[in-house]
Amino acid sequence: MSTQRAKQLFGTDGIRGIPGEYPLDDTTLERVGFALGLHLVAHQNADSKNLRVLIGRDTRESGPHIAELIARGLALAGAEPVSAGVVTTPGVAWLVNREGFSAGVVISASHNPYHDNGVKLISSSGMKFPDAVEREIEHLILSFNDSSPASRGAGTGRASKAHPRGDEKLHQDYLGGLRAAALPGAKFAGTKIVLDCANGAASKLAPQLFHVLGAEVVAINNAPDGKNINAGCGSLYPEGMQKRVVESSATFGVAFDGDADRAIFASASGKLVDGDGVLLVAGRYMKSAGKLKGKVIVGTTMANLGLERALDRLGLKLVRTAVGDRYVLEEMLRIGANLGGEQSGHILFLDDATTGDGMLTAVKIASIVSISEPLDSLVSDLKIFPQKIVNVRVQSKPPLESLPGVSRTLSEAEKALGKSGRIVLRYSGTEPLARVMVEAEREEDVRHWTDFLATALRSAIGA
């Protein structure tokens, strides 16, 4: 398989699906572990004595079975699977990077409903494997045809290690790393924080973290039962967290998603503060402390125009990438930036971690609030421009610039809005959809041009 061929199994965030169905059927999952193990065996250093792969999962009921299959495949290939039990995605990344694991596997579908699940592969650097490596592993998986690794006679005598128990020490090591990321001078005594754990991977870890830091914790949605992860709670549904912040007179609140790689906040007044607000708060502090590299922050095409304007007033530049924390990270590494993220709450503090970490973000925001001023004040200069997103179902995905009607409408809209608005047209990477996003100072302009562009797309390629 050419390394340039589009991937069939891996999306921008690993492999996802419904457990029991391809690509998350038992045979394929065992192959994933086996293929990862073979890749590591082929690429390990000559003096390496052990191949240890850390496996973590969120709280979905399908997680333990998937972990067992991945572990079995790894063991058959000669790698030692080590379980971290229920732990966050960034927790696996941190532990792999800091504690000498050859790779990591995260079993999670992030913010999706419980009946979905997925597999993310983490390299020894603590970052996702590059596309080329994912293609290589995918090629191995698909090359097994209809046979499982076990039926091919694979085996190294290590299969007995395929059912390891979670290691509480790993959890404590990770929490220690998060505590160490608190800013100098931050004092958490007297701070009351509402933690919406989404009934996910942060349910135990996040309350532990902030209790030890000295904050008063109000934990909600922290009783996972295998099916209630992300169910009307967490970062996708922060309304309950916002309400609890006001009711309990909390300093602020934070809502994580199922695997806790994103965080959405609420100020003491109950005002929602998304990833754009976090980037402004963190960017301003890091600039004042002389810690922001290059006077630049990396966001995506979905970052609100209000963030760009607020950063400009601070003398900071917003660099935009395609949607996806993978693309934000790639651009940060390319230009040497150390702060970036997405409106959805994925925030990357590259001086502290290799990936977006909701609990790390919460520690940073709690630190800034404790040494400066309330979150309401810190985001008071962020004017959020009205924004509307419309999804148009399409029958094909030709280059948008090749559609005359769409191009004419887009040109007309951009001319009318000028510098007072912004338009993003793009295809979904996973669904037969074209997305229309319009931002403008006036709500009526947003509605008008969103409708016109959506109509033009439906006329040209609508399903």
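These numbers come from a predicted model, not from an experiment.
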Okay, side chain of [X], backbone of [Y]: is any donor-acceptor separation there less than 3.5 Å?
| X | Y | answer |
| --- | --- | --- |
| Asn117 | Ser108 | yes |
| Asp116 | Ala109 | no |
| Arg284 | Leu311 | no |
| Gln242 | Gly270 | yes |

Find out whether [X] and [Y] are in side-chain contact, i.e. whether some heavy atom of one side chain is under 4.5 Å from a heavy atom of the other.
| X | Y | result |
| --- | --- | --- |
| Leu382 | Ile384 | yes |
| Leu40 | Leu36 | yes |
| Phe101 | Val82 | yes |
| Asp13 | Arg326 | no |
| Ile122 | Val105 | no |
| Leu74 | Ile55 | yes |
| Thr321 | Glu330 | no |
| Thr28 | Tyr22 | yes |

Going by the angle between their ring planes, with limits at 30° and 60°, are Phe129 and His39 parallel, tilted or perpendicular?
perpendicular
Does a donor on one side chain sit under 3.5 Å from an acceptor on the other, for [X] and [Y]?
| X | Y | result |
| --- | --- | --- |
| Glu439 | Asn304 | yes |
| Asp257 | Ser110 | yes |
| Arg16 | Asn112 | yes |
| Thr354 | Asn97 | no |

What verdict does the side-chain hydrogen bond (donor to acceptor under 3.5 Å, both in side chains) test give for Tyr114 and Asp225, after you've listed the backbone C-alpha separation in whole Å, the side-chain angles of each residue and the deciding distance to 0.1 Å?
CA-CA 10 Å; Tyr114 86 93; Asp225 63 10; over 6 Å; no
Over all atoms of both residues, closest heavy-atom pair of [X] and [Y]:
| X | Y | result |
| --- | --- | --- |
| Ser267 | Asp376 | OG-OD1, 2.7 Å |
| Leu348 | Gly356 | CD2-N, 3.5 Å |
| Met302 | Gln387 | O-NE2, 3.7 Å |
| Leu38 | Ala77 | N-CB, 3.7 Å |
| Leu360 | Ala181 | CD1-CB, 3.4 Å |

What distance do [X] atom [atom1] and [Y] atom [atom2] have between them, rounded to the nearest 0.5 Å?
| X | Y | atom1 | atom2 | value |
| --- | --- | --- | --- | --- |
| Leu329 | Leu350 | CG | CG | 6.0 Å |
| His65 | Leu24 | NE2 | CG | 10.5 Å |
| Ser370 | Glu373 | OG | CD | 12.5 Å |
| Ser367 | Phe188 | OG | CZ | 3.5 Å |
| Ile141 | Glu134 | CD1 | CD | 9.5 Å |
| Leu425 | Leu400 | CG | CG | 6.0 Å |

Distance to the ring centre below 6.0 angstrom and angle to the axis at most 45 degrees; does that hold for Lys383 and Phe385?
yes
Can a cation-pi geometry be assigned to Arg31 and Phe144, taking NZ or CZ under 6.0 Å from the six-membered ring centre and within 45° of the ring axis?
no
Asp261 and Thr89: CA distance, side-chain angles, deciding distance, side-chain hydrogen bond (donor to acceptor under 3.5 Å, both in side chains) verdict:
CA-CA 6 Å; Asp261 62 354; Thr89 291; 5.2 Å; no
Tell me, with the steps shown, if Glu68 and Arg72 meet salt bridge (Lys or Arg N to Asp or Glu O under 4.0 Å).
CA-CA 6 Å; Glu68 180 180 330; Arg72 185 187 305 162; 3.3 Å; yes
Determine, stepwise, if the pair Val323 / Glu342 fulfils side chain to side chain contact (heavy atoms under 4.5 Å, CB included).
CA-CA 8 Å; Val323 174; Glu342 297 187 279; 3.6 Å; yes
Check step by step if side chain to side chain contact (heavy atoms under 4.5 Å, CB included) holds for Asp381 and Leu280.
CA-CA 9 Å; Asp381 59 337; Leu280 175 62; 3.6 Å; yes
Could you give me the CA-CA distance, side-chain angles and deciding distance for Leu333 and Met127, then say whether side chain to side chain contact (heavy atoms under 4.5 Å, CB included) is met?
CA-CA 12 Å; Leu333 294 173; Met127 299 180 185; 4.1 Å; yes
Review item, side-chain donor-acceptor pairs of residues 192-214, under 3.5 Å, at least two apart:
from, atom 1, to, atom 2, distance (Å)
Lys192, NZ, Ser248, O, 2.8
Asp196, OD1, Ala198, N, 3.1
Asp196, OD1, Asn221, ND2, 3.0
Asp196, OD1, Gly234, N, 3.3
Asp196, OD2, Asn221, ND2, 3.4
Asp196, OD2, Gly234, N, 2.9
Asn199, OD1, Asn222, N, 3.4
Asn199, OD1, Ala223, N, 3.1
Asn199, ND2, Asn228, O, 3.3
Ser203, OG, Gly200, N, 3.2
Ser203, OG, Gly200, O, 2.8
Gln208, OE1, Gln172, NE2, 3.3

Are Ser428 and Arg435 close enough, and set up right, to give a side-chain hydrogen bond (donor to acceptor under 3.5 Å, both in side chains), and what steps lead you there?
CA-CA 7 Å; Ser428 166; Arg435 304 196 195 280; 3.3 Å; yes
Does the pair Arg135 and Glu138 meet the rule for a salt bridge (Lys or Arg N to Asp or Glu O under 4.0 Å), with working shown?
CA-CA 5 Å; Arg135 289 190 185 95; Glu138 183 175 276; over 6 Å; no
Test log, rule salt bridge (Lys or Arg N to Asp or Glu O under 4.0 Å), inputs Arg60 and Asp58:
CA-CA 6 Å; Arg60 294 164 212 270; Asp58 66 22; 2.8 Å; yes
Can you name the residues that form a side-chain hydrogen bond (donor to acceptor under 3.5 Å, both in side chains) with Glu308, not counting sequence neighbours?
Arg320
Taking atom OH of Tyr237 as the centre, does the number of heavy atoms from other residues, nucleotides or ligands within less than 6.0 Å exceed 12?
no
NZ (Lys287) with more than 12 external heavy atoms under 6.0 Å
yes
Can you spot which of Met286, Lys291, Lys364 makes a side-chain contact (heavy atoms from CB on, under 4.5 Å) with Leu183?
Lys364
Contacts of type salt bridge (charged side-chain N to carboxylate O under 4.0 Å, His left out), residue Asp259, not counting sequence neighbours:
Lys120
Between Val363 and Met359, is the side chain to side chain contact (heavy atoms under 4.5 Å, CB included) condition met? List the steps.
CA-CA 6 Å; Val363 169; Met359 292 202 295; 5.7 Å; no
